[in-house]
Amino acid sequence: MKPVTLNAWLGIALLAAAAQPALAASRTLIAKDSEIAFSVKQMGVPVSGTFKRFEASIDLDSAQPTASRAELTVDIASLDTGDDDADAVALDKPWLDKLGFPKATFKSSAVRALGPDRYEATGQLAIRGKSREITVPFETQDEKDGSTWVRGSFTIKRVDYGIGGGEWNQGDLVAPDVPVKFKLKLAPVR
């Protein structure tokens, strides 16, 4: 048997690397153009707000969606409803508890295509130390400058995450469903 030379090993390594599926390209979030917003009804009146600080690591591959990944981290203390008193209540211990649980996270475990520029990501959403699997539908829109918009929405049940409690979970004081909308702008692939 003939010994394998260094050049042969390099050739085998290059062939093996070429045979591996390509990873999705990592995209940088353009935070100043992105938004995560929510709305909740309190005694039938909608209260809306946004989170001002969040980070995202998104690897989006439209040719091979199953290779895509997404991770988002939201700074709970950045909640803004436009009313300082409402913010203080929402960030206090019975609600989002910014001191005990300063971050909310989403980490995808699967992404699949639903049609042209339409996808859904399944993964774990963690809020207040409680994690639940959710599926998030989203759409993408490529811009002429190479950037990409990712837009979607989903609804969480606040009681699943221990948000609120006691009298707030009785009757119609605060609705159990919290719709969340997001628009994320991703920088062009580098």
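If you're wondering where the values come from, they're calculated on a predicted model, not measured in any experiment.
- The NZ atom of K103 sits 14.0 Å away from atom CD1 of I127, with the distance rounded to the nearest 0.5 Å.
- T122 and S109 share no donor-acceptor pair across their side chains, judged by distance under 3.5 Å alone.
- Remark: the backbone N or O of R53 is paired with a side-chain donor or acceptor of S78 at under 3.5 angstrom.
- Using modelled atom types, one finds a donor on one side chain and an acceptor on the other under 3.5 Å when comparing S147 with D145.
- Side-chain contact, S68 with D61: no donor N or O sits under 3.5 Å from an acceptor N or O.
- Between L29 and S34, the shortest heavy-atom contact is CD1-OG, 3.3 Å.
- Judged by distance alone, with hydrogens and angles left aside, the side-chain atoms of D75 form a donor-acceptor pair with the main-chain N or O of A77 at under 3.5 Å.
- Taken to the nearest 0.5 Å, the NZ atom of K157 stands 13.5 Å off from the CD1 atom of I134.
- The hydrophobic cluster containing L60 does not contain I30, counting ILVMFWY residues as joined when their side-chain heavy atoms lie under 4.5 angstrom apart, directly or transitively.
- In the hydrophobic clustering of this structure, L91 groups with W95; members are Ile, Leu, Val, Met, Phe, Trp, Tyr whose side-chain heavy atoms approach within less than 4.5 Å, directly or through other members.
- Taking the side chain as every heavy atom from C-beta outward, E120 and V136 never approach each other to under 4.5 Å.
- At least one side-chain heavy atom of S108 sits less than 4.5 Å from a side-chain heavy atom of R69.
- For the ring pair (Phe, Tyr, Trp, His ring centres under 6.0 Å) condition, the pairs that include at least one residue of residues 48-82, sequence neighbours left out, are F38-F51.
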V174/K41 under side chain to side chain contact (heavy atoms under 4.5 Å, CB included): CA gap, chis, key distance, verdict: CA-CA 6 Å; V174 179; K41 287 190 178 179; over 6 Å; no
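- The minimum heavy-atom distance linking Y161 with R132 is given by the pair OH-CB, 3.2 Å.
- By the 4.5 Å heavy-atom criterion applied to side chains, I36 and V180 are counted as neighbours.
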Pair L125-T105, side chain to side chain contact (heavy atoms under 4.5 Å, CB included): steps then yes or no: CA-CA 6 Å; L125 176 64; T105 61; over 6 Å; no
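- Remark: R151 pairs with no residue by the salt bridge (Lys or Arg N to Asp or Glu O under 4.0 Å) rule, at least two apart or across chains.
- In this structure, the separation between CG on D177 and OG1 on T155 is 6.0 Å, given to the nearest 0.5 Å.
- By the salt bridge (Lys or Arg N to Asp or Glu O under 4.0 Å) test, D33 is found to be paired with K185, residues two or more places apart in sequence or in another chain being considered.
- In this structure, NZ on K107 lies 10.5 Å from CD on Q124, to the nearest 0.5 angstrom.
- There is no path of hydrophobic side-chain contacts, each under 4.5 Å, that joins L186 to W149.
- In this structure, T28 OG1 and I58 CD1 are separated by 10.0 Å, a value rounded to the nearest 0.5 Å.
- When only modelled atom types and interatomic distance are considered, T81 and D87 share a side-chain donor-acceptor pair under 3.5 Å.
- Side chains of T148 and R27: a donor on one and an acceptor on the other come within 3.5 Å.
- F101 and L72 sit in two unconnected hydrophobic clusters of ILVMFWY residues. Membership requires side-chain heavy atoms under 4.5 Å apart, directly or through other members.
- For G44 against P46, the heavy-atom pair with the smallest separation is O-CD, 3.7 Å.
- Under a cut-off of 6.0 angstrom, the local environment of CD in Q141 is crowded, with over 12 non-hydrogen atoms contributed by other residues, nucleotides or ligands.
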F138 vs S153, side chain to side chain contact (heavy atoms under 4.5 Å, CB included): CA-CA, chis, key distance, verdict: CA-CA 7 Å; F138 65 93; S153 63; over 6 Å; no
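- Between the side chain of R128 and the backbone N or O of K93, at least one donor-acceptor pair lies under 3.5 Å.
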Residue pair V111, T66: steps toward the side chain to side chain contact (heavy atoms under 4.5 Å, CB included) verdict: CA-CA 5 Å; V111 177; T66 56; over 6 Å; no
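- Contact check for F182 versus V150: side-chain heavy atoms found under the 4.5 Å cut-off.
- Taking CZ of R158 as the reference point, atom CG of D160 lies at 10.5 Å (rounded to 0.5 Å).
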